[in-house]
J.: 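Supplied in structure tokens, the structure appears directly below.
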Amino acid sequence: MIDTHAHLDACADRPSALIRRARSAGVDGIITVGTGIESSQVALELADLHEEVFAALGIDPHQAGDAEAGRVDELRELLQHEQAIAVGEIGLDYFRDRAPRDRQRRLFEAQLELAAELGKPVVIHTRDADADTAEVLSRFDGTVVMHCFSSPGLLDTALERGYYVSFAGNVTYPKASDLRGAAAQVPAERILAETDSPYLAPQARRGRPNEPANVALTVQELA
């Protein structure tokens, strides 16, 4: 199993302990995801130290309104690393609205252009922004992963365009029947599982910090 989306730099426990417990649970690969330049640098350091870890690097939409949005050239340099396998997480978040929407969109478009230039997949964060996310992605021809899928309104678009759809621990929650219904419609070869550690622990671990070992519980629910 692979945990396709974790934030090892945000977890309280040491990465080595998290990786050891993940391995014991049958998880032999973890993609740790950067949310800004410093976070992405840590992700690469962890990927260098641990053979099970790979890195996705990006600047998330919450930082589109501050100086971090001006560091895309630095991101380009980090993405040259052999362990940097994707650009992300990137996208739009109109739920938290921590940055002006026009700036979120500009940052999103700039990182999609970077991914196209480098031939990297993209890992998409989208909340309450279905129409704009679909419209911006319509001009990107590369591989797309819809991270922590929670937008059933985007399901038809994802299926039509052949996106990968990744489900996190919230698919196990009793009230998440819409997510389970969405998962049932995604071809098996397009489903991914993630933890989004340390967030969104599966129902059996709810109330505790999430970790990569718990991706097994999400895989079980999806099965």
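None of these values were measured; they are calculated from a predicted model. All values below come from the heavy atoms of this structure, side chains included, with hydrogens, waters and symmetry mates left out.
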J.: With no hydrogens and no angle check, just 3.5 Å: does a side-chain donor-acceptor pair link E89 and H5?
T.: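 Yes, a side-chain donor-acceptor pair sits under 3.5 Å.
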J.: Side chain of D3, backbone of T195: donor and acceptor closer than 3.5 Å?
T.: yes
J.: Both conditions, 6.0 Å and 45 degrees, for the charged tip of R206 above the ring of Y173: are they met here?
T.: yes
J.: Check the surroundings of atom CD in E135: do more than 12 heavy atoms from other residues, nucleotides or ligands lie under 6.0 Å from it?
T.: yes
J.: Side-chain donor-acceptor pair under 3.5 Å between D9 and S39, yes or no?
T.: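 Their side chains do contain a donor-acceptor pair, which is all the 3.5 Å distance test asks for.
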J.: Counting heavy atoms not belonging to Y164, are there more than 12 under 6.0 Å from its OH?
T.: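 Incorrect, the count does not exceed 12.
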J.: Could you check whether any side-chain N or O of E52 sits under 3.5 Å from a backbone N or O of R23, counting only pairs where one atom can act as donor and the other as acceptor?
T.: no
J.: Does the cation-pi check pass for R101 over Y94, that is, NZ or CZ under 6.0 Å from the six-membered ring centre and within 45° of its axis?
T.: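 Positive - R101 is close enough to the ring of Y94 and near enough to its axis.
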J.: Does a side chain donor of either H81 or Q41 reach within less than 3.5 Å of an acceptor in the other side chain?
T.: no
J.: If you apply the rule salt bridge (Lys or Arg N to Asp or Glu O under 4.0 Å), what do you find for E109 with R139, and how did you get there?
T.: CA-CA 9 Å; E109 291 170 339; R139 297 187 294 278; 3.3 Å; yes
J.: Roughly how far apart are D66 CG and R71 CZ, rounded to 0.5 Å?
T.: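 Answer rounded to 0.5 Å: 10.0 Å.
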J.: Tell me whether D93 contacts the main-chain N or O of T126 through its side chain, where contact means a donor paired with an acceptor under 3.5 Å.
T.: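 Absent.
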J.: Taking only Lys NZ, Arg NE, NH1 and NH2, and the carboxylate oxygens of Asp or Glu, determine whether R96 and D128 approach each other closer than 4.0 Å.
T.: no
J.: Around atom CG of D141, are there more than 12 heavy atoms from other residues, nucleotides or ligands closer than 6.0 Å?
T.: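 No.
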J.: Looking at Q111 and V72, would you say the former's side chain and the latter's main chain have a donor-acceptor pair under 3.5 Å?
T.: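 No, because the side chain of Q111 does not come within donor-acceptor range (under 3.5 Å) of the backbone of V72.
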J.: Any donor-acceptor pair under 3.5 Å linking the side-chain atoms of H125 with those of D60?
T.: no
J.: When rounded to the nearest 0.5 angstrom, what distance separates CG in N214 from CZ in R208?
T.: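 Interatomic distance, N214 CG to R208 CZ, rounded to 0.5 Å: 8.0 Å.
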J.: Ignoring hydrogens and geometry, is there a side-chain-to-backbone donor-acceptor pair from T32 to L8 under 3.5 Å?
T.: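 Answer holds: yes.
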